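Note that the structure is a prediction, hence the values are computed from the model and not measured. For the numbers below, each heavy atom of this structure counts, side chains included, while hydrogens, waters and symmetry mates do not. In what follows, chains carry the letters A, B, and so on, assigned in the order in which the sequence lines appear, proteins first and then strands, with residues in each chain numbered from 1.
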There are 2 protein chains.
Amino acid sequence: MATGRRAEKMEETRAKLIAAARKAFAEKGFAAASMDDLTAAVGLTRGALYHNFGDKTGLLAAVVHQIDADMAARAREIGQRKDGLWEALMAEGAAYIEMALNPEVQRIVLRDGPAFLGDPSQWPSQNACLAATMEVLEALIADGTVEPLDIEATARLLNGAALNAALWIAASEDPEATLPRARGAFERLATGILARKP
Amino acid sequence: MATGRRAEKMEETRAKLIAAARKAFAEKGFAAASMDDLTAAVGLTRGALYHNFGDKTGLLAAVVHQIDADMAARAREIGQRKDGLWEALMAEGAAYIEMALNPEVQRIVLRDGPAFLGDPSQWPSQNACLAATMEVLEALIADGTVEPLDIEATARLLNGAALNAALWIAASEDPEATLPRARGAFERLATGILARKP
DNA sequence: CAGTTTGCATACGGCTCGTATGTGAGTCGC
DNA sequence: GCGACTCACATACGAGCCGTATGCAAACTG
């Protein structure tokens, strides 16, 4: 394929800009981050940015996409590492909670993302995370562990609960102490979908 | 108290500015809303704004506070209208979901608010909503309907789930059809905290 | 009724974004 | 192997917005 010197360099500048943006957006927030400063930090100008990403929100979208992809991959990996399906579901929930503790994730994906890119439930990567949860749910129902129910609705609420738990933890004074509380409450709520033992 | 012509007028301009901001922020979003346009729409200038609210985010905070107060009052009222405690909890959850369907609430409180005012779990009004849920939970535990558990953690996750459900509904193509699904999943999850019948 | 306070308007500076234009290195046809 | 073309990126410019400093007139005070 040979890619060519041209495209190769371009991919490198894209990567540099995204990396710089990840840092700047996380530190100052999207609105307060100056594109001049951001590009200068990696030895470029706004010209490169507008050529590669269209506009400022285009760069944000690229950054969010990258972070989201990382998260989805990690969640899937963690889920597959567990043997029991139910344990996998709980582990995925816990993984979401822990990942959302990352300040970068919080600021960029959870706070600025929705404000400047629109509702997150439309984002492709979010749907990937959701799909992972839905898969596990489906298996759990086939398996009899969980009573038949609205898979999508349940998956969305579970993810939402986990997400909110993460925000709470991050804002708390003692995150280390809050995390197990959130985990516990999450698992407690989740038992609501378990099949009643006769 | 006599308030005085001065303070009376000032309260009026504050109200006018908040009302205009509510409209502008909901339509264009906080970042894209021009303070010049916004103030001119009610026959004022930015001078009035900076005198009354300090800066742009100060106005946003005032708007969010007003909307949140409305929401908390409504949720409380709906909860008290029900007789059973469990029914009250479910009704409050449903109320949150329905209120978050309001585009104004979505855009200003759920999307722009966190981005420009910081984490919502710090907002006074959010704590009010949470307090309402926690009260009901406490009563339910004393009552035996619900097993003892971490009240705050559970309340936060319940509210988070409801909130996320609302976002999902609003983004869906057929909100009318999605609402009952979200409600059902919410109630299903909530049963996780019910005491096991011996 | 004179002096002070103050709610709001006006004027200004600085920063930011997006576009329009320039340029030099890489690429392709012959 | 060389000239023309492409295109990634830099530079230059205009417009808009925010926050502050200043001005003014109406309302309060004694």
* Spacing of B:Leu38 atom CG relative to D:dC18 atom C1', expressed in whole Å -> 13 Å
* CD (B:Glu138) with more than 12 external heavy atoms under 6.0 Å -> no
* Structure fact -> Considering only heavy side-chain atoms of A:Ala48, the closest of C:dT19, C:dT10, D:dA10 is D:dA10
* Asked: When the distance from CZ of B:Arg46 to C1' of D:dT20 is rounded to whole Å, what number comes out?
  -> 10 Å
* Asked: The side chain of A:His51 lies closest to which of these nucleotides: C:dG7, D:dC18, D:dC7?
  -> D:dC7
* Spacing of B:Leu59 atom CG relative to D:dG19 atom P, expressed in whole Å -> 11 Å
* Asked: Side chains of A:Ile151 and A:Thr133: closer than 4.5 Å at any heavy-atom pair?
  -> no
* Phosphate contact (C:dT10 OP1 or OP2) by B:Thr45 side-chain N/O below 4.0 Å -> no
* Rounded to whole angstroms, how far apart are CE on A:Met35 and P on D:dG16? -> 21 Å
* Please give, in whole Å, the distance from C:dG7 P to B:Met10 CE? -> 4 Å
* **d(CZ, B:Phe53; C1', D:dT20) in whole Å** => 19 Å
* Asked: B:Lys28 versus B:Asp37: any side-chain heavy-atom pair under 4.5 Å?
  -> yes
* Please step through side-chain contact (heavy atoms from CB on, under 4.5 Å) for the pair B:Leu59 and B:Met35, ending with a clear verdict. => CA-CA 10 Å; B:Leu59 179 58; B:Met35 304 310 265; 3.8 Å; yes
* Asked: Which nucleotide in the list D:dC9, C:dC8, C:dC17 gets nearest to the side chain of B:Leu44?
  -> C:dC8
* Asked: Just checking B:Ala33: base, sugar-phosphate only, or nothing, at a heavy-atom cut-off of under 4.0 Å?
  -> sugar-phosphate
* To do: Rounded off to whole Å, could you give me the CG-to-P distance for the B:Asp36 and C:dA9 pair?
  => 11 Å
* Asked: Do the side chains of A:Trp86 and A:Val136 get nearer than 4.5 Å, heavy atoms only?
  -> no
* Asked: Between B:Ser34 and D:dC17, is there a side-chain N or O to OP1/OP2 distance below 4.0 Å?
  -> yes
* **Below 4.0 Å: OP1/OP2 of C:dC8 and any side-chain N or O of B:Asn52** => yes
* Take the protein atom OH of A:Tyr50 and the nucleotide atom P of D:dT11, then report the distance between them rounded to whole Å. => 16 Å
* Asked: Looking across every strand, which nucleic acid part, if any, lies under 4.0 Å from A:Leu49 by heavy atom: base, sugar-phosphate, or nothing?
  -> nothing
